Chemist: 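Here it is, the structure, as structure tokens.
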Amino acid sequence: MRKKFSHGFTLIEILVVIAIIAVLIALIFPTISGMQDRGKVTQDLNNLRQLGLAAQIYLNDNDGAFFSPSSNWMQSLHPKYLSSWKIFLSPFDKGRSATEVDANATISYGFNTNAHGAGATDSLLADKIKNPSAFILFAPTQPFTKKGGDAAVTVTKDSAGPGGAAKGGTHNKGQRINACMGDLHAENMAWSAFADDTAKQRWNPDPQ
């Protein structure tokens, strides 16, 4: 009688299978990573849209005037105009962990301090912005701050970008960033345009 022997994989065959699996993973990983990044971009943009919508309602209730320099803009919106504190947390902010809502709570977005009025307690009127579709109002701050209140999370023209130390945007390898403009629409824009100090209408509500 002939004996039946089970034929196992040789070392070469195992190595070939491992190599094929490695190639498939290498092909699939960028696609998965790209989908995750696009999801973050969408969520971040939605957060800024929610901030813009809340700001619009706030303006309606305050005769078209933005937040006073003496107030905390986040608390001006939450909880009356924004029910969820998570709106203030960007998906690109890996350090976000706040559950409390106070002046030192974690947030990921900044408000352009040039949208304040001239005086210590003055509020800028929205209709005084010369080019609202180009003027940056809200944007992600970088580097993101875990604690620090309003002063640590402002966005100004003098910083040439959020936080004053950012060297690139939040996504697309630092080439792009989301922002909410003075007319309260949110858009995805090139970092080079966002950080351009010479484009006065982006940072100054009255470029004259």
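Quantities reported herein were computed from a predicted structural model and do not represent experimental measurements. Keep in mind that the numbers below use all heavy atoms, side chains included, and drop hydrogens, waters and symmetry copies.
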Chemist: Can you classify the ring geometry of F67 versus W73 as parallel (below 30°), tilted (30 to 60°) or perpendicular (above 60°)?
Modeler: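 Plane angle between 30° and 60°, so tilted.
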Chemist: Shortest non-hydrogen contact from G169 to I177?
Modeler: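 Here G169 and I177 meet closest at CA-CB, 4.1 Å.
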Chemist: To the nearest 0.5 Å, how far apart are CG in L51 and CG in L137?
Modeler: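 These two atoms lie 9.0 Å from each other.
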Chemist: Determine whether T170 and S90 make a side-chain contact, defined as any pair of heavy atoms from C-beta on separated by less than 4.5 Å.
Modeler: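 Not touching, per the 4.5 Å side-chain cut-off.
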Chemist: Sub-3.5 Å donor-acceptor pair from the side chain of N114 to the main-chain atoms of N204, do we have one?
Modeler: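 Here the side-chain-to-backbone pair does not exist.
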Chemist: Within a strict 4.5 Å, meaning less than it, do heavy atoms of the L53 and R49 side chains meet?
Modeler: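 No, every pair of side-chain atoms sits at 4.5 Å or beyond.
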Chemist: With heavy-atom distances below 4.5 Å as the criterion, would you say the side chains of M181 and S133 are in contact?
Modeler: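 A side-chain contact under 4.5 Å is absent here.
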Chemist: Could you state the interatomic distance from CG (D63) to OG (S123), rounded to the nearest 0.5 Å?
Modeler: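 Going from CG on D63 over to OG on S123, the span is 10.5 Å.
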Chemist: Between CG of N47 and CG of L82, what distance do you get to the nearest 0.5 Å?
Modeler: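 Nearest 0.5 Å value for the CG-CG distance: 9.5 Å.
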Chemist: Any non-hydrogen side-chain atom of Q43 less than 4.5 Å from a side-chain atom of R38?
Modeler: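 When only atoms from C-beta onward are counted, R38 and Q43 do not touch, as no gap falls below 4.5 Å.
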Chemist: Is there a side-chain contact between H78 and W85 in this structure, where contact means two heavy atoms from C-beta onward sitting under 4.5 Å apart?
Modeler: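 Yes - at least one pair of side-chain heavy atoms lies under 4.5 Å apart.
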Chemist: Can you measure from CZ (F111) to SG (C180) and round to the nearest 0.5 angstrom?
Modeler: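 Answer rounded to 0.5 Å: 10.0 Å.
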Chemist: For N46, give me all partners under side chain to side chain contact (heavy atoms under 4.5 Å, CB included), at least two apart in sequence or on another chain.
Modeler: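 N46 satisfies side chain to side chain contact (heavy atoms under 4.5 Å, CB included) with Q50 only.
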Chemist: Would you name the heavy atoms of L48 and A186 that are closest together and state the gap between them?
Modeler: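 Of all heavy-atom pairs spanning L48 and A186, the closest is CB-CB, 4.1 Å.
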Chemist: Looking at residues at least two apart in the chain, or sitting in another chain, which of them share a side chain to side chain contact (heavy atoms under 4.5 Å, CB included) with L125?
Modeler: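 Residues passing side chain to side chain contact (heavy atoms under 4.5 Å, CB included) with L125: A65, D127, K128.
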Chemist: For the rings on Y109 and F138, is their centre-to-centre separation under 6.0 Å?
Modeler: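 Judged by ring-centre distance (under 6.0 Å), Y109 and F138 do not meet the cut-off.
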Chemist: Once ring-ring contact (aromatic ring centres under 6.0 Å, His included) is applied, do any residues pair with Y81, and if so which ones, sequence neighbours excluded?
Modeler: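 ring-ring contact (aromatic ring centres under 6.0 Å, His included) list for Y81, sorted by chain: Y58.
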Chemist: Between H171 and F92, what is the ring plane arrangement, given parallel below 30°, perpendicular above 60°, and tilted in between?
Modeler: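 Parallel.
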Chemist: Examine the side chains of N60 and Q56 and answer whether a donor and an acceptor come within less than 3.5 Å of each other.
Modeler: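 Yes, Q56 and N60 have a side-chain donor paired with an acceptor closer than 3.5 Å.
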Chemist: Using the side chain to side chain contact (heavy atoms under 4.5 Å, CB included) criterion, which residues pair with S83? Sequence neighbours excluded.
Modeler: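 Not a single residue meets the side chain to side chain contact (heavy atoms under 4.5 Å, CB included) criterion with S83.
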Chemist: For residues 175-186, which residue pairs qualify under side-chain hydrogen bond (donor to acceptor under 3.5 Å, both in side chains), counting only residues two or more places apart or in two chains?
Modeler: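 Qualifying pairs, neighbours excluded: D44-N178, R176-N188, N178-N188, D183-H185, H185-E187.
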Chemist: With a 4.5 Å heavy-atom cut-off, do L77 and I57 have their side chains touching?
Modeler: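 Heavy-atom side-chain distance check fails, nothing below 4.5 Å.
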Chemist: Is the ring pair F194/W203 parallel, tilted or perpendicular, if the boundaries are 30 and 60 degrees?
Modeler: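 Perpendicular.
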Chemist: Could you work out, with side chain to side chain contact (heavy atoms under 4.5 Å, CB included) as the rule, every residue matching L24, not counting sequence neighbours?
Modeler: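 Residues passing side chain to side chain contact (heavy atoms under 4.5 Å, CB included) with L24: I20.
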Chemist: If you take all heavy atoms of A55 and L184, which pair is closest and at what distance?
Modeler: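 The answer is CB-CD2, 4.0 Å.
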